[in-house]
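What follows is a short report on a single structure.
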Amino acid sequence: MTTILITGANRGIGLEFAKQYAAEGADVIACCREPAKAAGLKAIKGKVRVMALDVGDAASVAALKKELGDTPIDIVINNAGVSSPKAKDGAIDVDAWLAAFRVNSVAPALVAHALKPNLMKGKDKKLVTLTSQLGSIADDSGGFQPYSATKAAVNSLMHSLAKNWAKDGIVVGIFHPGWVQTDMGGSGAPVKVADSVKGLRARIAELDAAKSGTYRDFENRPLPW
Ligand SMILES: NC(=O)c1ccc[n+]([C@@H]2O[C@H](COP(=O)([O-])OP(=O)(O)OC[C@H]3O[C@@H](n4cnc5c(N)ncnc54)[C@H](OP(=O)(O)O)[C@@H]3O)[C@@H](O)[C@H]2O)c1
């Protein structure tokens, strides 16, 4: 039995991860800010434990860790993310920028460090973070400040963790899900959420020491940093 923890699991890509992993018989720890309102998660048939987690709140992460105790976790998926208001010349909303960095860049590291002991007890030892192609500096179109910067930052942090934790046997996946039909991606996005998650699950299944710390999309295309 594989135990998988997913952040931001109440809608979008996170909810689809919970559905697909539960359907294959995994033990799913589905984390979200408001479990009482997580109707989509409660409707899933399978082993789904819904737990409260605001990834941007260190006290919430600590409370989750306390509740989990020493539970072995095989795969941790940092999925929760936010888009951000685009930059306007001469009018940067500092609080909005920092809020986006808090959730997209700092929180995945916070969750990873808090749950490292649980990963160490798991058999797979896989840490996965959903980033974006928009985090690629090499491919930057210039149109998505500060969202792109939050994802470039998390790419760097996860790349470093892959190096730092290789000695512990933890492997790190840094995956772009495609442009996906969710609240964030919008209804005009070309990729269906079920197809994105099917691809991401394949990427997670094949994640190993050789691939750890590389930046790829859901169809296994390597992306330039
Ligand atoms: N959709 C795309 O085209 C696309 C493309 C590239 C990358 N991504 C990345 O893929 C991931 C999932 O995106 P999505 O399309 O599924 O987005 P989404 O539909 O907007 O869902 C975002 C999820 O993150 C959760 N979340 C946001 N802030 C949180 C916080 N502080 N604590 C806990 N959960 C929080 C939301 O919970 P609430 O319901 O409580 O707000 C929601 O469950 C994100 O990291 C995103 O950046 C998406």
Side-chain angles (χ1 to χ4, degrees), residues 5-15 17 31-34 37 52-65 76-115 127-164 172-189 191 193 196 200 213-218 223-225:
L5 183 142
I6 306 157
T7 69
N10 56 305
R11 58 188 169 97
I13 294 170
L15 177 60
F17 265 127
C31 300
C32 60
R33 287 195 273 203
E34 296 187 275
K37 294 184 182 165
L53 176 65
D54 181 334
V55 295
D57 176 356
S60 176
V61 175
L64 175 80
K65 169 61 190 157
V76 169
I77 304 179
N78 277 313
N79 163 78
V82 289
S83 55
S84 59
K86 287 191 186 168
K88 289 190 192 127
D89 286 348
I92 286 179
D93 181 338
V94 173
D95 289 340
W97 280 44
L98 290 179
F101 274 100
R102 188 180 191 96
V103 174
N104 291 354
S105 316
V106 180
L110 185 63
V111 168
H113 282 273
L115 300 185
L127 170 66
V128 171
T129 294
L130 289 208
T131 180
S132 172
Q133 191 165 19
L134 294 171
S136 168
I137 294 172
D139 262 1
D140 183 25
S141 65
F144 291 92
Q145 289 181 61
Y147 180 79
S148 292
T150 68
K151 294 298 191 179
V154 82
N155 285 352
S156 171
L157 289 163
M158 291 300 140
H159 183 267
S160 290
L161 275 190
K163 302 262 181 209
N164 293 341
V172 179
I174 307 168
F175 297 128
H176 166 57
W179 179 16
V180 188
Q181 288 168 15
T182 61
D183 292 338
M184 185 184 290
S187 56
V191 182
V193 68
S196 170
L200 290 166
T214 63
Y215 176 29
R216 292 168 187 275
D217 78 358
F218 73 116
L223 297 172
W225 297 108

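Here the structure is a predicted model, which is why all the values come from computation and not from measurement. Only this structure's heavy atoms are used, side chains among them; waters, hydrogens and symmetry mates stay out.
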- Nearest heavy-atom approach of Ser148 to Asp140 is OG-OD1, 4.4 Å

- Task: Would you name the heavy atoms of Ser136 and Pro224 that are closest together and state the gap between them?
- Result: OG-O, 2.7 Å

- Message: Using every non-hydrogen atom in the two residues, find where Val172 and Met158 come nearest and quote the distance to one decimal.
- Response: CG1-O, 3.6 Å

- Message: For the backbone of Gly12 and the side chain of Thr182, can you confirm whether one donor and one acceptor N or O come within less than 3.5 Å of each other?
- Response: no

- Do the non-hydrogen side-chain atoms of Arg33 and Asn10 ever get within less than 4.5 Å of each other? no

- For residues Cys31 and Leu64, determine if any side-chain heavy atom of one lies less than 4.5 Å from a side-chain heavy atom of the other. yes

- Message: Can you confirm whether Val128 sits close enough to Phe17 that some side-chain heavy atom of one is under 4.5 Å from a side-chain heavy atom of the other?
- Response: no

- Note on the structure: One should read off an interatomic distance between Thr131 OG1 and Asp217 CG, to the nearest 0.5 angstrom, of 11.5 Å

- Message: Tell me if the CD1 atom of Ile137 is crowded by more than 12 foreign heavy atoms within 6.0 Å.
- Response: no

- Task: For the residue pair Thr129 and Ile174, establish whether any side-chain heavy-atom pair is separated by less than 4.5 Å.
- Result: no

- Message: Let me confirm one number: the CG-CG distance from Asn164 to Leu157, rounded to the nearest 0.5 Å.
- Response: 10.5 Å

- Do the side chains of His176 and Ser132 get nearer than 4.5 Å, heavy atoms only? yes

- Item | Minimum-distance pair of heavy atoms, taken over all atoms of Val111 and Val55 | CG2-CG1, 4.2 Å

- Query: Is the backbone N or O of Leu130 less than 3.5 Å from a side-chain atom of Lys151, with the two atoms forming a donor-acceptor pair by type?
  - Reply: yes

- Query: Would you say Thr7's side chain and Asn78's backbone share a donor-acceptor pair under 3.5 angstrom?
  - Reply: no

- Please report the closest heavy-atom contact between Pro85 and Pro146, naming both atoms and the distance. O-CD, 3.3 Å

- Scanning both residues in full, the closest heavy-atom pair of Ala112 with Leu161 reads CB-CD1, 3.9 Å

- Item | Donor-acceptor under 3.5 Å (Ser196 side chain, Pro177 main chain) | yes

- Query: Parallel, tilted or perpendicular: which fits the ring planes of Tyr215 and Trp225, with parallel below 30° and perpendicular above 60°?
  - Reply: parallel

- Message: Using side chain to side chain contact (heavy atoms under 4.5 Å, CB included), reason through Val191 and Phe218 one step at a time and then give a plain yes or no.
- Response: CA-CA 10 Å; Val191 182; Phe218 73 116; 3.9 Å; yes

- Task: In sequence, state the C-alpha distance, the side-chain angles, and the governing distance for Val154 and Asn104, and then conclude on side chain to side chain contact (heavy atoms under 4.5 Å, CB included).
- Result: CA-CA 7 Å; Val154 82; Asn104 291 354; 5.9 Å; no

- Query: Is there a donor-acceptor contact under 3.5 Å from the side chain of Gln181 to the main chain of Ala189?
  - Reply: yes

- Can you check whether Ile13 reaches Met184 side chain to side chain, under 4.5 Å on heavy atoms? no

- Query: Quick one: OG on Ser84 to OH on Tyr147, what's the gap to the nearest 0.5 Å?
  - Reply: 8.5 Å

- First locate atom OG of Ser105, then atom CG of Leu110, and finally report the distance between them rounded to the nearest 0.5 Å. 12.5 Å

- Query: Going from CG on Asp57 to CZ on Arg102, what distance comes out if it is rounded to the nearest 0.5 angstrom?
  - Reply: 7.0 Å

- Query: When rounded to the nearest 0.5 angstrom, what distance separates OG1 in Thr150 from CD in Gln145?
  - Reply: 11.5 Å

